Undergrad: 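There's a structure below that I have some questions on.
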Amino acid sequence: MNNIIDGIKASLELKKEIKKEIEKDNLTPSLAVIQVGDNKASEIYVRNKQRACCEVGINFISIKLPDTISEDVIIREIQRLNNDISVNGILVQLPLPNGFDEGKIINEINPLKDVDGLTFPNVGNLVLENECLVSCTPYGVMELLRLYNVELSGKDVCIVGRSNLVGKPLIQLLLQKDATVSICHSKSKNIKDYTKRADVLIVAAGHPNLITKDMVKDGAVVIDVGINKENDSLCGDVAFDEVIKKASLITPVPGGVGPMTVASLLKNVVKAYKIQNRV
Ligand code: GUN
């Protein structure tokens, strides 16, 4: 039995749907990405986003700023994009270089254009189950679980990692599906006690091989959000080769959650376009 979740195939399907929707309704969505400094990983992520936008017909605007600029310059740039009706999505690539106040900068983005779902109104609306833009990686994880018919109601789901971008929004999305959610982090004691009882284990901690087979329940669904570089190749947070023998479903890295994150971003840009244009 093939128990590997194919994120590339799923993302291709999603992109095909998005492209069709854009073409059918003659939509003209546009995404602006602000990058500060020259973080190598960010370069790759942004290039992937640009390529994906191009594939489906979303206009991509790249704004690169040196890390020597002041916070005010970024804020003025965001305000200019907020006021530009031809721009539907604004994304500040994270992490920002040291010394920049990420929270302050992100919250300058008009929430209707906040395709990362990181501004106060979007975070609040997610908790309250109101219409909002949801952070792309959690959205991609939920899409994979839906596509692979993973039942969540009443199931024990363990999230390892509590970032604003992944762990925290996932708590809300899983609660909305009536899962029983536990969340582990760097200060948690005996992580294994939690991971071992999980029907669905979602790992977004940024530590290669953090999850080994002894920490996983037989038949669990394992979603690996980690992207780590080891000896010039990419790996996730899960020791894939051994955990695959216990999991009923597992995402590989690369080729699992990553492609879904990008596809979800495209979906958010189209959603933002529609909200702004009342389509
Ligand atoms: N850096 C890594 N992933 C992301 C993401 O989804 N959004 C932003 N803004 N920065 C990131």
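All values below come from the heavy atoms of this structure, side chains included, with hydrogens, waters and symmetry mates left out. Treat the numbers as computed from the prediction; the structure is a model and nothing was measured. First listed ligand is number 1; within each ligand, the first listed atom is number 1.
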Undergrad: My understanding is that only residues two or more places apart in sequence, or in another chain, count here; which of them pass side chain to side chain contact (heavy atoms under 4.5 Å, CB included) with V127?
TA: Q172

Undergrad: Which residues pass the salt bridge (charged side-chain N to carboxylate O under 4.0 Å, His left out) test with K229, sequence neighbours left out?
TA: none

Undergrad: State plainly whether the residues E17 and K24 are in salt-bridge range, i.e. N to O under 4.0 Å.
TA: no

Undergrad: Provide, line by line, the atom pairs where ligand 1 and the protein bring an N/O atom each to a distance under 3.5 Å; else say none.
TA:
residue	atom	partner	partner atom	Å
ligand 1	1 (N)	Q93	NE2	3.2
ligand 1	1 (N)	L94	O	2.9
ligand 1	7 (N)	D116	OD1	3.2
ligand 1	7 (N)	D116	OD2	3.1
ligand 1	9 (N)	V92	O	2.8
ligand 1	9 (N)	D116	OD2	2.5
ligand 1	10 (N)	L94	N	3.0

Undergrad: Clusters formed by hydrophobic residues whose side-chain heavy atoms approach within less than 4.5 Å: which one holds L12, and what are its other members?
TA: I8

Undergrad: Would you call E21-K274 a salt bridge at under 4.0 Å N-O?
TA: yes

Undergrad: Would you please say whether a donor-acceptor pair under 3.5 Å links the side chains of T212 and D214?
TA: yes

